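Notes follow once the structure below has been shown.
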Protein chains: 2
Amino acid sequence: MSIKYAILGLLQYSDMHGYRIKAHIEKNFGHMWSINFGQIYPSLKQLQEEGLVNMLEIAPSENGGPRKKLYSITPKGVKELSKWLTEPTGKSILIRDPFLLKFAFFGFGEDANALTIIDEQIEFFESQLKRRQTNRKKWERQGVYVRLLAELGVTQNQMYLEWLHHAKKEVEKNMKRARREKA
Amino acid sequence: MSIKYAILGLLQYSDMHGYRIKAHIEKNFGHMWSINFGQIYPSLKQLQEEGLVNMLEIAPSENGGPRKKLYSITPKGVKELSKWLTEPTGKSILIRDPFLLKFAFFGFGEDANALTIIDEQIEFFESQLKRRQTNRKKWERQGVYVRLLAELGVTQNQMYLEWLHHAKKEVEKNMKRARREKA
DNA sequence: TGACAGGTATATAAAAAATATATAGTCTTC
DNA sequence: GAAGACTATATATTTTTTATATACCTGTCA
């Protein structure tokens, strides 16, 4: 249940409502955390019951606008978060990368098909890299930790892209060799 | 439900029972997939019902030994797997890294505490890197795809370790500056 | 003008997956 | 011979993900 702490931590940066929390995590923490609405709204309700956050219902303005629920962290919440910060991390990372899983079994299919899917992946990560590089600048003057995380995001993305290009070349080499052997 | 395909793919490499499947994924695919028994045994049962795998119950040998259920992929399973291989990957990666999440909020705690937890992480990834480097040699003569995945595992791990060391230095620098400012 | 796509915002049911725990036997080593 | 680690399967509980519903706003394009 560390989603609880993800939310608590974000609220210590600034007050937010559910929708913003998701957008913020996706934009800035996408390389280390995934989240979805199905967790956010129930978690916020629970955090409120535990007295770790406060909720302020914001009435729609005169010209309409959606109803919002602005959440802020309570002193009790701040205490809970800093307790968690000192606990050893334990447990390992949870990863599920559908592309790499498929990659592991490309040997059972056609190389040409593999190349198509690799290209898809390259395209996706190229656009993501641009976004992260822009984002990184925004975090540059913030605290050390946030800056370092943004750096990691960019470095990771670059490394992964390099690997994808390398993989593409290797697969092409492999296809040529296979054709030669058949001839 | 891509765990189904993870299992199917592994079974195309070789026949296995549940326990081996988990060990294999952890050892070789740890950088791209997480799995646990709570999924494996029900999934195997389901795959069998769908006729995608066969199950062979192995009686314990004369001198005892645990009961095993050896699973193998069926021709229908092979067809299903290769159909999946051609489908576009869609969806993005799912990641949940409790260390990096905590890292994002270290700014609200003590730098000394952050250093302790960073050191824990360095230790863990150093031992993992050794394991992956050994593992990589084993995959070197296998197919292109498997070899490339093992390479990615090592590269990723190295990059992450470098970042951890870099982060440690930056945090130390930050502590010194804070002390100077206080004085 | 009005229709449609896209964005903001909250919410929940249903499906899938993760965590924790139980059982049971083997093998090693002290 | 006892303790601890490893092999092996299984499942209940909790947590998370996916899918979908509602509602209102803004911009645009025909």
Side-chain angles (χ1 to χ4, degrees), chain A residues 1-7 15-27 29-30 32-50 53 55-71 89-98 101, chain B residues 1-7 15-27 29-30 32-50 53 55-71 89-98 101:
Chain A
M1 236 261 157
S2 32
I3 265 96
K4 198 172 123 175
Y5 296 102
I7 294 176
D15 296 358
M16 281 186 214
H17 52 268
Y19 192 86
R20 282 267 160 255
I21 291 174
K22 183 166 187 268
H24 193 98
I25 290 180
E26 269 169 12
K27 200 174 167 194
F29 300 103
M32 52 182 250
W33 208 265
S34 315
I35 202 163
N36 45 287
F37 293 131
Q39 293 170 271
I40 291 176
Y41 295 112
S43 296
L44 281 169
K45 213 178 263 176
Q46 209 193 309
L47 283 167
Q48 198 192 348
E49 276 161 25
E50 291 173 50
V53 304
M55 190 265 274
L56 180 72
E57 205 141 355
I58 293 179
S61 61
E62 327 82 64
N63 44 353
R67 64 206 187 291
K68 290 184 193 177
K69 290 181 175 179
L70 192 69
Y71 290 89
T89 311
K91 292 302 155 45
S92 52
I93 305 165
L94 171 79
I95 312 185
R96 270 180 9 235
D97 185 330
L101 179 69
Chain B
M1 234 262 156
S2 32
I3 264 95
K4 197 171 123 174
Y5 296 102
I7 294 175
D15 296 357
M16 281 186 215
H17 52 268
Y19 191 86
R20 280 267 159 256
I21 290 174
K22 182 165 187 270
H24 193 98
I25 290 180
E26 268 169 12
K27 201 175 166 194
F29 300 110
M32 53 182 248
W33 208 264
S34 315
I35 202 164
N36 46 285
F37 293 131
Q39 295 170 269
I40 292 177
Y41 295 112
S43 294
L44 281 168
K45 213 177 263 175
Q46 209 194 309
L47 282 168
Q48 197 191 349
E49 276 161 24
E50 292 174 49
V53 305
M55 190 265 275
L56 181 71
E57 205 140 356
I58 293 180
S61 62
E62 325 83 62
N63 45 353
R67 64 206 188 291
K68 290 183 193 178
K69 290 180 176 179
L70 192 71
Y71 290 88
T89 311
K91 293 302 154 47
S92 52
I93 304 167
L94 170 80
I95 311 185
R96 268 177 14 233
D97 186 329
L101 180 67

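Every chain is numbered from 1 and lettered A, B, ... according to where its sequence line falls, protein lines coming before strand lines. Since the model is a prediction, treat every value here as computed from it, not as a measurement.
- We find that CG of B:Leu44 is positioned 13 Å from P of D:dT11, with the value rounded to whole Å.
- B:His24 and B:Phe29 have tilted rings, their planes meeting at an angle from 30° to 60° on a 0 to 90° scale.
- By the 4.0 Å N-to-carboxylate-O rule, A:Lys45 lies too far from A:Glu49 to be salt-bridged with it.
- Here the P atom of nucleotide D:dT7 and the CD atom of B:Glu26 are 11 Å apart, to the nearest Å.
- Atom CD of A:Gln48 is separated from atom C1' of C:dT10 by 14 Å (rounded to the nearest Å).
- Distances shorter than 4.0 Å separate some side-chain N or O of B:Arg96 from OP1 or OP2 on D:dT17.
- Taking 4.0 Å as the cut-off between side-chain N and carboxylate O, B:Lys68 and B:Glu57 do not count as a salt-bridged pair.
- Side-chain atoms of B:Ser34 come within 3.5 Å of backbone N or O of A:Ile95 as a donor-acceptor pair.
- Atoms CD1 (A:Ile25) and P (D:dT16) sit 12 Å apart, rounded to a whole Å.
- For D:dA10, the OP1/OP2 oxygens have no side-chain nitrogen or oxygen of B:Tyr41 closer than 4.0 Å.
- Nucleotide C:dA15 holds its C1' atom 13 Å from the CG atom of A:Asn36, rounded to whole Å.
- In this structure, of D:dA10, C:dA17, D:dT17, it is C:dA17 that holds the atom nearest to the side chain of B:Ile3.
- Atom NZ in A:Lys22 sits about 16 Å away from atom P in C:dA11, given to the nearest Å.
- Across A:Phe37 and A:Pro42, no two heavy atoms sit closer than the pair O-CD, 3.9 Å.
- Counting any heavy atom pair closer than 4.0 Å across all strands shown, A:Lys45 reaches sugar-phosphate atoms only and no base atom.
- Between A:Lys69 and the phosphate of C:dA11, there is a side-chain N or O to OP1/OP2 separation shorter than 4.0 Å.
- Within the 4.0 angstrom heavy-atom criterion, only backbone atoms of the sugar-phosphate kind lie near B:Gly18; the bases stay farther away.
- Picking from C:dA17, C:dT8, D:dA8 the nucleotide with the shortest atom distance to the side chain of A:Tyr19 gives C:dT8.
- Atom CD in B:Glu57 sits about 10 Å away from atom P in D:dT9, given to the nearest Å.
- Rounded to an integer number of Å, the gap from CD1 of B:Ile40 to P of D:dA10 is 12 Å.
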